[in-house]
A.B. asks: 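My structure is below; once you've seen it, I'll send some questions.
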Amino acid sequence: MTITITLPRLLVSTDVQRLLRALWPLAAVALPAVAEAIGASFVVRLAVEIAVRMADQAVSA
């Protein structure tokens with residue numbers, strides 16, 4: 001079974017898109033690390049990890 005989630009595209013300028021794509025690799029590493037560092041529960045860390053993976057797929061598309 002496959003679940004497909006379609007999110008609307010944000011209307012931002014090309015410059016902002018480039019900036020966000022450039023910063024994404026840093027954020028993809030930092031978000032889970034920050035969640036762990038502040039002592040977030042396992043469920044929250046798992047949700048952050050899933051969100052980062054989903055966003056990574058969207059950024060690479």
Side-chain angles (χ1 to χ4, degrees):
M1 178 185 349
T2 302
I3 298 172
T4 303
I5 300 172
T6 304
L7 301 173
R9 196 157 182 73
L10 296 176
L11 299 175
V12 295
S13 71
T14 306
D15 293 333
V16 173
Q17 286 181 2
R18 280 192 210 122
L19 176 65
L20 291 175
R21 286 183 189 269
L23 292 176
W24 177 247
L26 176 64
V29 172
L31 289 173
V34 169
E36 187 171 347
I38 63 171
S41 70
F42 175 75
V43 174
V44 171
R45 289 186 307 197
L46 182 63
V48 168
E49 186 66 35
I50 290 170
V52 165
R53 288 182 186 189
M54 288 175 59
D56 195 34
Q57 288 177 353
V59 167
S60 63

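Basis for what follows: all heavy atoms, side chains included, without hydrogens, waters or symmetry-related copies.
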A.B. asks: Run the side-chain contact (heavy atoms from CB on, under 4.5 Å) test against Val29 and tell me which residues pass, sequence neighbours left out.
C.D. replies: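 By the side-chain contact (heavy atoms from CB on, under 4.5 Å) rule, Val29 matches no residue at all.
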
A.B. asks: Of the non-hydrogen atoms in Ala22 and Pro25, which two are nearest, and what is the gap between them?
C.D. replies: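 Answer, listing the atom of Ala22 first, then Pro25: O-CD, 3.4 Å.
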
A.B. asks: Suppose we screen for side-chain contact (heavy atoms from CB on, under 4.5 Å). Which residues come up paired with Thr14, at least two apart in sequence or across chains?
C.D. replies: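 Arg18.
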
A.B. asks: Who passes salt bridge (Lys or Arg N to Asp or Glu O under 4.0 Å) against Arg45, sequence neighbours left out?
C.D. replies: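 With neighbours one apart ignored, the set is empty.
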
A.B. asks: Specify the closest pair of heavy atoms between Pro32 and Ala27, including all atoms of both residues, with the distance to one decimal.
C.D. replies: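 Looks like CD-O, 4.3 Å.
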
A.B. asks: In chain order, what residues pass the salt bridge (Lys or Arg N to Asp or Glu O under 4.0 Å) check against Glu36, with sequence neighbours excluded?
C.D. replies: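 For Glu36 there are no salt bridge (Lys or Arg N to Asp or Glu O under 4.0 Å) partners, ignoring immediate neighbours.
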
A.B. asks: To the nearest 0.5 Å, tell me how far Glu49 CD sits from Arg53 CZ.
C.D. replies: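 These two atoms lie 4.5 Å from each other.
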
A.B. asks: By side-chain contact (heavy atoms from CB on, under 4.5 Å), which residues pair with Ile50, not counting sequence neighbours?
C.D. replies: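 Listed in chain order: Leu46, Met54.
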
A.B. asks: Test of understanding: with side-chain contact (heavy atoms from CB on, under 4.5 Å), list the residues that count as partners of Ala28, not counting sequence neighbours.
C.D. replies: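 Checked Ala28 against side-chain contact (heavy atoms from CB on, under 4.5 Å); matches are Trp24, Val52.
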
